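What follows is one structure encoded as structure tokens, with my remarks underneath.
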Amino acid sequence: MENKTLAVLLDDVKGGHRLSGKEALSLFKTRGRQVWEIAEAADVVRENRAGNVITYVRNQNINVTNLCVNACGFCGYSKKPGDEGIYFHDRAAIRKKVALARERKVTEICTVSGLHPDFTTKSYTDVYRWIHEAAPGIHLHASNPMEVAYAAKKSKMSTVEVIEAMKEAGLNSMCGTAAEILVDSVRKKICRQKIPTKEWVRIISEAHGLGIRSTATIMYGHCETDNDRVKHLAILRDIQDETSGFTEFVPLSFIHMNTPLFKAGQARAGATGREDMLMVAVGRLFLDNFRNVQVSWVKEGIKMAQLGLIAGANDLGGTVFEESISKGAGATNTDYLDPAEMERVAKDIGRKLRRRTTLYELV
Ligand code: SF4
């Protein structure tokens with residue numbers, strides 16, 4: 001792209017122009033110092049839309065089981081019957097973890113797990129009730145469209161009925177995971193047992209329609225093309241136009257080391273720094289109906305996450321406290337990020353750190 005053309009396009013976007021798919025594609029293909037120009041424009045848009053505060057939430061993960069009927073190629077976490085290291089947290093174990101979360105002044109508990117062969121809708125709703133019993137008032141950020149579809153199939157219910165049952169049991173917001181790349185040809189390569197794009201879109205929209213808001217994610221840096229990324233972002237933007245149900249966009253950089261996909265030579269060794277930065281920046285510029293863009297320190301490490309915060313992001317995610325999924329795929333230092341370190345990182349780029357709730361109210 002000509003420098004002038006890029007400058008004009010970025011000025012237009014800053015002035016409110018909605019990026020087309022073709023324009024977003026040209027931004028993803030940018031190399032060299034023009035990457036900084038895109039990051040700078042995204043940072044300006046971030047400031048206008050979300051202000052100068054960097055937010056985070058005190059949260060804790062509870063991965064209920066790592067036993068899973070699926071075998072996604074990018075997953076280094078799930079186990080099959082007979083494997084070593086299988087776990088399932090029962091009521092007593094979950095209550096213990098929730099008690100610990102309360103001691104840590106956590107406001108959000110997040111549960112996503114493997115698709116246990118014996119799970120039904122009741123298995124999920126039981127877990128949600130146990131969590132609320134042990135920590136009344138805590139925000140439960142749980143499930144995702146794949147878990148909803150699985151529970152529906154196992155319990156012979158509609159997906160709307162499953163979401164209603166989950167809501168009744170205390171589900172407060174939904175994880176926008178299992179999206180990976182919302183292009184079926186890519187899904188066939190990386191997670192062929194997962195629900196197709198159309199079903200993911202339908203279920204997340206149903207959740208929004210029932211008053212359950214969700215995050216929106218993309219998992220990139222494996223075998224998708226720039227064009228696939230654009231198609232994915234366009235789907236998220238269309239859903240947001242319809243429902244306004246997404247709380248934030250969270251780019252998830254592929255952790256490759258222990259994954260079957262990488263070991264089989266079917267994926268590259270994750271995104272580069274340029275790609276990580278552009279995913280945040282182009283996400284911010286393209287998703288003009290999202291207020292919040294989060295950087296994942298779990299996936300990118302805190303140094304790259306800090307750069308994302310001056311390339312369009314306004315949120316650092318959560319303290320986490322316990323993390324198994326990225327660790328299973330080969331990531332290190334994923335268990336806990338001290339707000340004192342978040343504060344240091346925020347101050348270093350001239351911004352203030354503030355704690356928030358899951359739904360982005362400042363605490
Ligand atoms: S990504 Fe989720 S659904 Fe896929 S194998 Fe791993 S735990 Fe199972």
Side-chain angles (χ1 to χ4, degrees), residues 61-89 94 110-121 123-124 127 141-155 159 162 166 174-201 203-204 207 214-224 232 250-264 266-267 270-271 296 298-299 320 322-331 334:
N61 282 350
I62 300 180
N63 299 120
V64 182
T65 180
N66 57 356
L67 198 56
C68 186
V69 298
N70 278 3
C72 301
F74 58 83
C75 182
Y77 161 76
S78 66
K79 302 277 181 198
K80 291 275 165 254
D83 284 353
E84 267 180 37
I86 292 171
Y87 66 77
F88 167 74
H89 297 313
I94 285 178
C110 181
T111 74
V112 177
S113 296
L115 305 169
H116 192 289
D118 299 335
F119 270 16
T120 61
T121 301
S123 317
Y124 291 100
V127 168
H141 183 64
S143 196
N144 64 35
M146 179 69 237
E147 289 190 353
V148 170
Y150 182 65
K153 187 173 152 202
K154 292 293 296 290
S155 303
T159 48
V162 171
M166 287 178 168
M174 191 179 279
C175 307
T177 46
E180 325 308 356
I181 293 283
L182 292 166
V183 175
D184 287 335
S185 56
V186 179
R187 295 178 85 71
K188 278 195 188 115
K189 284 186 213 156
I190 66 171
C191 55
R192 66 188 162 76
Q193 294 149 304
K194 272 209 173 124
I195 50 174
T197 300
K198 214 170 143 191
E199 206 173 335
W200 191 95
V201 171
I203 295 171
I204 209 83
S214 77
T215 53
T217 64
I218 182 171
M219 205 239 338
Y220 65 97
H222 37 88
C223 59
E224 85 291 357
H232 181 102
V250 193
L252 300 171
S253 204
F254 173 52
I255 307 282
H256 66 282
M257 292 77 114
N258 298 337
T259 64
L261 205 61
F262 179 69
K263 287 181 183 166
Q266 288 160 1
S296 169
V298 172
K299 302 287 186 192
V320 178
E322 198 178 302
E323 201 285 328
S324 320
I325 292 174
S326 299
K327 205 187 294 159
T334 63

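Index from 1, following the sequence. Remember, predicted model here, so these are calculated numbers, not experimental data. As the structure lists them, so they are numbered: ligands from 1, and atoms in each ligand from 1.
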For this session: Give the numbers and elements of all ligand 1 atoms closer than 4.0 Å to a heavy atom of Lys194.
Result: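 In order of number, 1 (S), 3 (S), 4 (Fe).
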
Exercise. Which of the atoms of ligand 1 are close to Cys68, meaning less than 4.0 Å from one of its heavy atoms?
Worked result: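 Heavy-atom distances to Cys68 below 4.0 Å select 3 (S), 5 (S), 7 (S), 8 (Fe).
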
Exercise. Could you walk me through whether Phe254 and His222 pass the ring-ring contact (aromatic ring centres under 6.0 Å, His included) check?
Worked result: CA-CA 6 Å; Phe254 173 52; His222 37 88; 5.6 Å; yes

For this session: Could you tell me the residue and atom name of the protein heavy atom closest to atom 6 (Fe) of ligand 1, and the distance to it rounded to 0.1 Å?
Result: Cys75 SG, 2.4 Å

Exercise. Of all the atoms in Cys72, is at least one N, O or S atom closer to atom 4 (Fe) of ligand 1 than 2.8 Å?
Worked result: yes

Exercise. Within a strict 4.5 Å, meaning less than it, do heavy atoms of the His116 and Val64 side chains meet?
Worked result: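 The answer is no, as the side chains (C-beta and beyond) never meet within the 4.5 Å cut-off.
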
Exercise. So, Thr65 side chain and Tyr87 main chain: donor-acceptor pair closer than 3.5 Å or not?
Worked result: yes

Exercise. Just by distance, do the side chain of Arg192 and the backbone of Ala71 share a donor-acceptor pair under 3.5 Å?
Worked result: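 It does not hold such a pair.
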
